[in-house]
Amino acid sequence: MGSILDRINSPEDIKKLSLDELNKLADEIRMFLIDKVSKTGGHLSSNLGVVELTLALHRVFNSPQDKIVWDVGHQSYVHKIITGRKGQFDTLRKLGGLSGFPKINESEHDAFNAGHSSTSISAALGIAKARDLNNETYSVVAVIGDGAMTGGMAFEALNNAGRYPNNFIVVLNDNEMSISKNVGGLSKYLSKIRTEPFYFKVKEDIDIMLNRIPAIGKSAAKVLGRVKGSIKYMIVPGIIFEELGFKYLGPVDGHNITEIERLLTISKTIKGPVLIHVCTQKGKGYTYAEENPDVFHGIAPFEIETGEVKASGGPGYSEIFGREIVNIAQEDEKVVAITAAMPHGTGLVPFSQKFPERFFDVGIAEQHAVTFAAGLARGGIKPVVAIYSSFLQRAYDQILHDVAIQNLHVVFAIDRAGIVGEDGETHQGIYDISFLGHIPNMTILAPCDYAEFALMLNYAVKDHNGPIAIRYPRGKGAEKLLETEPIKFGKALLVREGSNITIAAVGNKVETALKVADMLEKMDISCDVIYFRFIKPIDEKLLINSVLKTRHLITIEDNAIAGGFGSKLLETINQKGINIKTKMFGYPDQFIPHGSKNEIQSIYRLDEQAIVNDAVKLLNKARINID
């Protein structure tokens, strides 16, 4: 007899299964996930934790008619398996293959795109309101993790949802984790609820007692209601969700399909917003993921038998950052580090261990992280804020309003700048130059190698005054491309001299620029190669001197062309009234899909051969391909 999973091609198929078959299916799904993600990489521990919850959701609700909105999408793999996509899992996160996140253009069962945290309640509430305005009757469910509930947007949505009588369900998946261990008051509050479940038995008994009393008038009923409320507050102070207007159900064991189904079924009969508290174990069913759920949150391909990542090969930029910021903090006790639920991803675990009193994980709250840093800077502390590029987008107003206007010395360590590859549109860090570059008082740097990165961090913390950002890519880079020179504010480096064309590059694209120059040299085309350490301010003198000599300019960056580094150079040249031939290499005005870095760069003509070919065209020479 074949596996049960082989028979599952749609949500309707799981509704025909017995409880015993469902539990066997849950085991098979976990084995399937471990096998597939071990080869492709991806978000494993979060998905292992929601197997039974996902099965229950699809048995009680009728997708795609009913809408299930997944927060972030880190826990949507099981949903994809059930909704007819298990045959595509070998292509997970590969170019043209299955996305690692919900995508409305991938399946009718994906109700809303998600890649960043804390959006599901807002989106689901909007869908529910649209349903009611259209006089429709389908159910709407938001599935959000307790980590995502640390994001302010989730509370804004809860506050707003409680005002409306819409039928609307929030499933709080409580695994005590976001990517790393949860922090803050909400985490403690949920822990209290988990550890004092006797309250809910008392609450149910009071409900039953009140409902059995014959009609005794509104006044008596109100008195009894207040009695019920008083007992509630005596046992668990501050039932926040009910005070916000939600009917609270739970907590329930998130690995007990029968119990989850029972509460989900009850929730469909309740008028108004409902919150179901489901407790799950992140990484369930795979020992290594259970023991290290943060490591297996987003994991590269690994060996199933040992849990070891298949490819390592030395530290990446995040590790270099973590090491260097510890060295800096040892010399200056005023240096503190801030992250938004990403101590592991940003490389700050060593700092948190060495200086626990100077390390602040604020949860998934990038806006708060930035203004908190502004307050620290106002008080004479030197905050270093480490946040991924695509997540820093969420704190744009705080950077401008709270940091830049006051010209406060906050150091932004922007991890995952540029193409990140397999995580796709929501995570590509190709907009930070554009959204930071027009903010007054802001300084932006980008290192071409590890040695430059260390120099820039030291300069940013020790020598600079005012807001400053250092953007650096995901993964590994060159140890040392260039001879070390002291950093001087606003100064670029001419790293190669020529006469035919100027190549201006930033960050890891300096290595690309040098390879392009080598290839052009073989074609008797000599190049000025300028490494712009500072993206803002631009070294106008070096730029102008070079382009007046060569009369041709190409710019190379790992950012969107619109508002990016190349645009800044052209603005400078235009303001000087200089007329030259130019070509900008970067990403076009479209969202960049998931795929490997090399594949993405090739598609968008950021590989060396494509740049050489276009440089030759710019110089009005015959196109020549170099092997």
Side-chain angles (χ1 to χ4, degrees), residues 150-153 155 178 180-188 318 321-389 391-415 417 432 435-436 439-445 453-454 456-472:
T150 65
M153 187 175 175
F155 280 98
S178 49
S180 298
K181 192 73 174 176
N182 282 332
V183 296
L186 179 65
S187 177
K188 293 179 180 178
S318 300
F321 166 72
R323 182 179 70 197
E324 193 60 33
I325 203 65
V326 166
N327 293 338
I328 293 170
Q330 285 176 327
E331 299 174 10
D332 189 344
E333 63 181 13
K334 290 190 178 296
V335 173
V336 303
I338 302 168
T339 187
M342 298 292 291
H344 287 271
T346 58
L348 281 173
V349 170
F351 189 101
S352 70
Q353 295 168 342
K354 183 79 173 178
F355 309 106
E357 73 287 353
R358 292 156 60 187
F359 170 73
F360 305 100
D361 182 350
V362 300
I364 303 177
E366 292 84 1
Q367 293 170 294
H368 166 61
V370 171
T371 303
F372 174 57
L376 285 164
R378 190 71 180 87
I381 301 300
K382 299 178 182 178
V384 179
V385 183
I387 296 178
Y388 290 6
S389 173
F391 298 162
L392 191 63
Q393 295 163 183
R394 303 166 69 126
Y396 172 80
D397 184 62
Q398 286 67 36
I399 296 169
L400 190 154
H401 183 273
D402 299 332
V403 177
I405 287 179
Q406 301 180 86
N407 200 30
L408 295 172
H409 185 200
V410 176
V411 178
F412 295 96
I414 307 178
D415 202 333
D432 53 84
F435 72 74
L436 293 177
I439 299 178
N441 292 332
M442 178 62 70
T443 295
I444 309 172
L445 302 96
F453 189 25
M456 287 180 177
L457 275 172
N458 279 273
Y459 169 82
V461 175
K462 300 174 183 177
D463 301 326
H464 191 74
N465 185 28
I468 184 168
I470 307 173
R471 71 185 307 265
Y472 48 96

Work out which heavy atom in Ala340 is nearest to a heavy atom in Asp361; give both atom names and the distance.
-> C-OD1, 4.0 Å
Sequence-distant partners of Ile328, side-chain contact (heavy atoms from CB on, under 4.5 Å), two or more places apart = Glu324, Ile325, Val335, Leu457, Asn458, Val461, Lys462
Would you mind listing every salt bridge (charged side-chain N to carboxylate O under 4.0 Å, His left out) that reaches into residues 335-356, with sequence neighbours excluded?
-> none
Would you tabulate the side-chain donor-acceptor contacts of residues 366-386 under 3.5 Å, counting partners in other chains and residues two or more places apart, or write 'none'?
{"from": "Glu366", "atom 1": "OE1", "to": "Arg394", "atom 2": "NE", "distance (Å)": "3.4"}
{"from": "Thr371", "atom 1": "OG1", "to": "Asp402", "atom 2": "OD2", "distance (Å)": "2.5"}
{"from": "Lys382", "atom 1": "NZ", "to": "Asp332", "atom 2": "OD2", "distance (Å)": "2.7"}

What distance do Phe155 atom CZ and Thr150 atom OG1 have between them, rounded to the nearest 0.5 Å?
-> 8.0 Å
Between Tyr388 and Thr346, is any pair of side-chain heavy atoms under 4.5 Å apart?
-> yes
On a heavy-atom basis, the closest approach of Ala341 and Ile364 is CB-CG1, 3.6 Å
Which heavy atom in Phe435 sits nearest to a heavy atom in Ser389, and how many Å separate them?
-> CZ-O, 4.3 Å
From the list Ile470, Ile399, Ile468, side chain to side chain contact (heavy atoms under 4.5 Å, CB included) partner of Phe412 resolves to Ile399
Evaluate the side-chain proximity of Thr339 to Phe359: yes if any heavy-atom separation is below 4.5 Å, no if none is.
-> yes
Quick one: side-chain contact (heavy atoms from CB on, under 4.5 Å) partners of Glu333, sequence neighbours excluded?
-> Arg358
With sequence neighbours excluded, what pairs up with Asp432 under the salt bridge (Lys or Arg N to Asp or Glu O under 4.0 Å) test?
-> Arg471
Using 30° and 60° as the class limits, which term best fits the ring planes of Phe453 and Tyr472: parallel, tilted or perpendicular?
-> tilted
By side-chain contact (heavy atoms from CB on, under 4.5 Å), which residues pair with Asn407, not counting sequence neighbours?
-> Asn441, Pro467
Which heavy atom of Gly347 sits nearest a heavy atom of Pro350, and at what distance?
-> O-CD, 3.4 Å
Stepwise side-chain hydrogen bond (donor to acceptor under 3.5 Å, both in side chains) test for Ser318 and Asp415 | CA-CA 7 Å; Ser318 300; Asp415 202 333; 2.6 Å; yes
